[in-house]
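Contents: one structure, followed by commentary.
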Amino acid sequence: MEILRTVAELRAWSRRERNEGQTIGLVPTMGALHEGHASLIRAAAASCGSVAVSIFVNPTQFGPNEDFARYPRSFDADCALAAAEGADVVFAPSVDEIYPAGGTTFVDVVGLSQRLDGKSRPGHFRGVATVVAKLLIAAEADRAFFGQKDAAQVAVLRRMVADLRLATEIVVCPIIREADGLALSSRNVYLSEEEREWALTLSRSVRQVEALVAAGERRAGKLTQAARVTFAEMPQIRVDYIALVDWATLEPVEVAAPGTLFAVAAWVGNTRLIDNAIMS
Ligand code: AMP
């Protein structure tokens with residue numbers, strides 16, 4: 001498996017593969033790869049002849065007081081995992097390669113970027129949309145693979161791809177969880193043993209809302225209230241948001257319908273975690 005460092009190398013690779021008749025799959029990541037990322041790489045390898053995994057801790061999606069500097073980095077292990085799951089190349093650019101000196105161009109998905117995580121992390125989705133646009137343009141990918149784990153991010157990126165009429169199809173893959181329900185996240189390494197237990201409140205609240213919907217409760221007020229009660233039982237955790245929203249617009253809904261997004265975010269100690277489910 002090759003490691004590419006520049007946009008020109010990635011573009012040249014993509015064009016060469018396409019000339020040989022391959023479809024191109026891209027899996028954007030920030031590294032510290034785990035089984036959630038592995039599932040995306042496997043999905044890409046299953047449906048695309050040539051697969052690139054990008055590993056780039058994107059500074060513009062971190063706020064000034066967030067964890068950019070201490071974000072986990074494990075490049076050699078990441079490359080081994082990517083290769084084992086079927087990646088053909090890893091794209092690991094420098095910050096300067098993605099953000100040329102003097103650059104002033106950003107992608108702002110107005111409205112959507114200010115909702116859910118965007119509300120509590122100002123500028124986050126602007127950073128995400130900008131880097132993903134750059135990656136999609138550089139890779140000329142047919143398909144790009146993202147996890148439902150970051151459901152608001154998916155909404156922002158779908159809107160961006162539609163608005164810019166980019167040629168890449170966004171493919172969304174299911175949330176991979178630990179056996180006890182905790183959604184895998186690179187940030188789980190920050191959790192102490194105790195916090196790891198507290199963190200289960202997120203997946204518990206998600207399962208609870210799914211069960212209520214399955215039992216016929218569809219009123220948003222009742223569903224979010226039930227989740228609030230679950231969080232109230234774990235006062236060590238600070239809720240950021242509990243929301244039932246339209247997955248395309250991220251606007252609150254009154255009634256859960258198939259495809260509605262139930263999403264939670266909470267602070268467990270100094271670690272902010274998210275979880276969600278799409279209602280059936
Ligand atoms: P990150 O490296 O955290 O930026 O994540 C890169 C991609 O992996 C994003 O599309 C995430 O949604 C996805 N991802 C992260 N955790 C999971 C998970 N537990 N299950 C599925 N996909 C995930």
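Values below: all heavy atoms of this structure, side chains included; hydrogens, waters and symmetry mates excluded. Read the numbers this way: they start at 1 and go in the same order the structure lists the ligands and their atoms.
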Exercise. Under 3.5 Å, is there a donor-acceptor pair linking the side chains of Thr230 and Gln208?
Worked result: yes
Exercise. In order of chain and number, which residues sit within 4.0 Å of ligand 1 by heavy atom?
Worked result: Pro28, Thr29, Met30, His34, Gly36, His37, Leu40, Tyr71, Phe146, Gly147, Lys149, Asp150, Gln153, Pro174, Ile175, Ile176, Leu184
For this session: Could you tell me whether the side chain of Leu273 reaches within less than 4.5 Å of the side chain of Leu191, counting heavy atoms only?
Result: yes
Name the atoms and distances for all side-chain donor-acceptor pairs under 3.5 Å in residues 23-30, with sequence neighbours left out.
unit_1, atom_1, unit_2, atom_2, d
Thr23, OG1, Gly49, N, 3.3
Thr29, OG1, Gly31, N, 3.0
Thr29, OG1, Ser54, O, 2.8

Exercise. Angle class for the Phe68/Phe62 ring planes (parallel below 30°, perpendicular above 60°, tilted otherwise)?
Worked result: perpendicular
For this session: Indicate whether any N or O donor in one side chain lies under 3.5 Å from an N or O acceptor in the other, for Tyr241 and Ser120.
Result: no
Problem set entry | Passing candidate, salt bridge (charged side-chain N to carboxylate O under 4.0 Å, His left out) with Asp67, options Arg73, Arg187, Arg272 | Arg187
